[in-house]
Amino acid sequence: MQAVQLTKEFPGKLAVSNLNFTLRPGRLTALLGPNGAGKTTTMRLLTGFTEPTSGMVEIQGRDLSEFRAEFQKQIGYLPESGPVYRDLTVSENLDFFAKTRCIPKTQRSRAIFRVIEELNLGEVRHLVIGTLSKGFRQRVALASTLLGDPKYLILDEPSYGLDPNQMTQIRLLIRDLSKDRTVLISTHSLDEVEEICEHVIILSNGRVVANSSVQDLRKQDKLFLVLNQGKSDFISFMRHNGWANVFKLKDLEDGFAEYEVSLGDAKPEDIFLLLSKNQITIREMRKLEESLKTIFNSITGN
Ligand SMILES: Nc1ncnc2c1ncn2[C@@H]1O[C@H](COP(=O)(O)OP(=O)(O)OP(=O)(O)O)[C@@H](O)[C@H]1O
């Protein structure tokens, strides 16, 4: 599933602009971004609920706008906070959604039984949704999304409002589901991303500002160094040796200075070797592991 130059403009508001990314089966992707960055709009475009102003969503090489009705049977969309009808029982709610998803009558009760089992809803199946806790309501919403076993799942903040136990359960379930499906979740929880996601797309002001594996994002680790470079300029020396991202933090009184070096693909020992070969005196050297939160904040300019 691919977003190709995907753009949506509302009157007076460019919500998302020229989005390009690919979602793959077996790779759980998180969509991140500050409030108003365009996450919900992107998800609605991917599900075909909103039409793009320009660009397209391509599914296995086909433009989604050409087979929207057919595709909606293959996609499970969990919108932010819902949908669950509070005065229906869990079973009635699932039956209603099974009908809207056009699951044939002969297969409906089997499909409902399957999601009730999958989400552990057996004990509450005859209860009215309005009487259930937020965690159970969210599970019912997710169960409705899974009816008919869709191969594409677009889940807008699936763990929002859940307690820590429920959160863990839902996250593990989503991770399992993503093994043989194409799954995109939006979230504000960087813990969730670290725990279950392999890939991240970060939006800021309607644009993609990062599209990479969680592992690659983490390659923004840095090295903190205190060294004495004598009279020559350490930054130029490092640039000359292929290290572009070197910053002086401050000069110390005794000729030493503090620096920060972005590691990229390299290891701290590569730098250690370079410095010792060139007789640079190192007083201190330590790896600074950036938290995903710091990386997110610096990418989105927060
Ligand atoms: N129907 C609409 N009409 C006009 N503007 C809209 C509409 N829907 C969304 N927008 C605007 O588009 C921008 C992106 O909104 P969107 O809901 O996609 O962001 P979001 O990242 O999901 O935000 P949040 O994290 O707060 O849910 C916002 O500025 C929003 O006000």
Side-chain angles (χ1 to χ4, degrees), residues 1-23 28-59 64-65 68 71-72 75-84 134-135 137-139 141-142 144-145 152-162 166-167 170-171 174 178 182-197 199-212 214 217 291-302:
M1 181 183 225
Q2 221 173 337
V4 183
Q5 307 275 77
L6 198 58
T7 299
K8 180 69 188 180
E9 193 167 358
F10 294 110
K13 177 77 203 175
L14 185 59
V16 293
S17 171
N18 278 317
L19 307 182
N20 291 294
F21 57 79
T22 304
L23 304 177
L28 179 52
T29 302
L31 185 63
L32 298 177
N35 288 124
K39 301 178 296 294
T40 299
T41 305
T42 304
M43 293 189 134
R44 292 182 61 83
L45 288 164
L46 293 173
T47 55
F49 282 102
T50 299
E51 279 229 44
T53 310
S54 60
M56 66 170 168
V57 176
E58 208 178 276
I59 319 272
L64 169 60
S65 65
R68 187 167 293 140
F71 178 66
Q72 273 167 359
I75 192 149
Y77 174 42
L78 177 75
E80 225 173 343
S81 70
V84 273
K134 163 84 185 156
R137 288 207 299 275
Q138 188 69 344
R139 275 202 253 168
L142 196 53
S144 322
T145 308
Y152 300 88
L153 290 174
I154 306 288
L155 311 174
D156 204 346
E157 299 197 42
S159 60
Y160 178 76
L162 302 183
Q166 294 163 339
M167 242 178 225
I170 291 271
R171 286 175 185 170
I174 292 170
S178 71
T182 300
V183 185
L184 178 71
I185 63 166
S186 79
T187 178
H188 285 286
S189 162
L190 296 168
D191 289 342
E192 185 156 282
V193 176
E194 300 228 275
E195 249 177 79
I196 57 169
C197 298
H199 199 84
V200 195
I201 295 166
I202 303 181
L203 296 182
S204 180
N205 291 322
R207 290 172 196 277
V208 173
V209 289
N211 178 7
S212 90
V214 175
L217 258 198
S291 73
L292 212 50
K293 187 167 189 299
T294 317
I295 297 167
F296 173 80
N297 286 345
S298 81
I299 289 176
T300 57
N302 269 10

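All ligand and atom numbering here is 1-based and tracks the order in the structure.
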Acceptor/donor pairs from residues 49-57 side chains to any protein atom, 3.5 angstrom cut, sequence neighbours excluded:
residue : atom : partner : partner atom : Å
T50     : OG1  : R44     : NE           : 3.2
T53     : OG1  : E9      : N            : 2.8

Just to confirm my output: which protein heavy-atom neighbour is closest to [atom], and how far is it?
| atom | value |
| --- | --- |
| atom 17 (O) of ligand 1 | T40 CB, 3.8 Å |
| atom 4 (C) of ligand 1 | F10 CB, 3.3 Å |
| atom 12 (O) of ligand 1 | A15 CB, 3.4 Å |
| atom 15 (O) of ligand 1 | T41 OG1, 3.8 Å |
| atom 25 (O) of ligand 1 | K39 NZ, 2.7 Å |
| atom 23 (O) of ligand 1 | G36 N, 2.8 Å |

task = Return a yes/no value for N35: is any of its N or O atoms, backbone included, closer than 3.5 angstrom to an N or O of ligand 1?
result = yes

message = Using a 3.5 Å cut-off on N or O atoms only, is H188 in polar contact with ligand 1?
response = yes

Residue-ligand contact [X]/ligand 1, heavy atom below 4.0 Å:
| X | answer |
| --- | --- |
| R44 | no |
| E80 | yes |
| G33 | no |

request  = Ignoring hydrogens, tell whether any protein atom lies closer than 4.0 Å to atom 30 (C) of ligand 1; use the non-hydrogen atoms only.
outcome  = no

query = Any chance CZ of R207 has more than 12 other-residue heavy atoms, nucleotides or ligands included, within less than 6.0 Å?
reply = no

N18 atom CG, neighbour heavy-atom count above 12 within 6.0 Å = yes

Nearest heavy-atom neighbours spanning P34 and K39 = O-NZ, 3.2 Å

ask   = What atoms of ligand 1 come within less than 4.0 Å of a heavy atom belonging to K13?
value = 11 (C), 12 (O), 13 (C), 29 (O)

